[in-house]
Amino acid sequence: MREFARLQGRGKEGEDEILRRFPNLVERYLALGGFPEHAQSDNFPEVRRRLRADIVDRAILRDLSRFDVDVPRVRDLFVYLVQDSGALFNTSHRADDLGADPRTVARWLELLEDTLLLVRLPKYAQHAAARLRSQPRIFAADPGLVEAFSLLPARDEQV
C-alpha cells in the first residue's frame, strides 16, 4: 500500500504506473471490495467464500449474538439486504418474510447498520413529515459484499 501511495503522488506518470501494475482496478474493486486482505488475490471464488464466512462468523454471529437476537433470521435479513442492495426497504414486508414483528425487524436493521456493513439512505424530501413517511434505501457498504453474497455463480476470469 505504501508503494501505491508513493506512485499516486507522482501525478500522471504515477497513474500510468499504477494502471500497468494493477490492471482492471475498477473491476477488481467491484468484485473484491475494499477489503485490504483480498486486494491482491486473483482467486475470486476463495475471496467470496472467505468474505461470506468472515461476515457471517464475525460481524453477525459474534457481534450481534450479544444482543440476544435471533441470529439465523438476522443473518437471513442481512443476506437479503445485501443481495437487494439499493432497493427500498419495507419493514412490514420483510417482517412477513421472516415471520417476525415489524418492530423487531426494524431493530435488527439498526443493529446491522451498527456493524457498518449496511447503510441506510433516506429519501430526500423538503418536508420532515414526507421524510418520515418515506421508505429508505438500504445499501451494502462495500461492493465486495454484493459480489460475495450474490446468487450468481462465481465468474470465470477466462470468459
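Owing to the predicted nature of the structure, the values given are computational and were not obtained by experimental measurement.
Screening Q135, H93, K123 for a side chain to side chain contact (heavy atoms under 4.5 Å, CB included) involving L88 leaves a single residue, Q135.
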I60 and T115: CA distance, side-chain angles, deciding distance, side-chain contact (heavy atoms from CB on, under 4.5 Å) verdict | CA-CA 8 Å; I60 295 175; T115 65; 6.0 Å; no

V105/L109 under side-chain contact (heavy atoms from CB on, under 4.5 Å): CA gap, chis, key distance, verdict = CA-CA 6 Å; V105 172; L109 177 60; 5.7 Å; no

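To the nearest 0.5 Å, atom NE2 of residue H127 and atom OG of residue S134 are 13.0 Å apart. Residue D54 holds its CG atom at 10.0 Å from CZ of R62, rounded to the nearest 0.5 Å. Distance CG/L77 to CG/D70: 11.0 Å, rounded to 0.5 Å.
Residues W108 and R94 fail the side-chain proximity criterion, which asks for heavy atoms closer than 4.5 Å. In this structure the side chain of L118 never reaches within 4.5 angstrom of the side chain of F139, judged on heavy atoms. You'll find the side chain of L117 stays beyond 4.5 Å of the side chain of L112, heavy atoms only. The side-chain heavy atoms of F78 and L81, taken from C-beta on, include no pair separated by under 4.5 Å.
Between L98 and D76, the shortest heavy-atom distance links the atoms CD2-CB, 4.0 Å. Residues E110 and R120 approach most closely at CG-NH2, 4.1 Å, considering heavy atoms. Of all heavy-atom pairs spanning V119 and A141, the tightest one is CG2-CB, 4.0 Å. Scanning both residues, L51 and A148, for their nearest heavy atoms gives CB-CB, 3.9 Å. In this structure, V146 and S85 approach most closely via the heavy-atom pair CG2-CB, 3.9 Å. Closest heavy-atom contact between T91 and A106: CG2-N, 4.0 Å.
Under the 4.5 Å side-chain contact rule for hydrophobic residues, F67 and V74 share a cluster.
Judged purely by atom type and a 3.5 angstrom limit, S65 uses its side chain to pair as donor or acceptor with the backbone of L61. Within the 3.5 Å criterion, the main-chain N or O of D63 finds a donor-acceptor partner in the side chain of R66. Side chain of R137 to main chain of A87: no donor-acceptor pair is present (N/O by atom type, distance under 3.5 Å, no hydrogens or angles).
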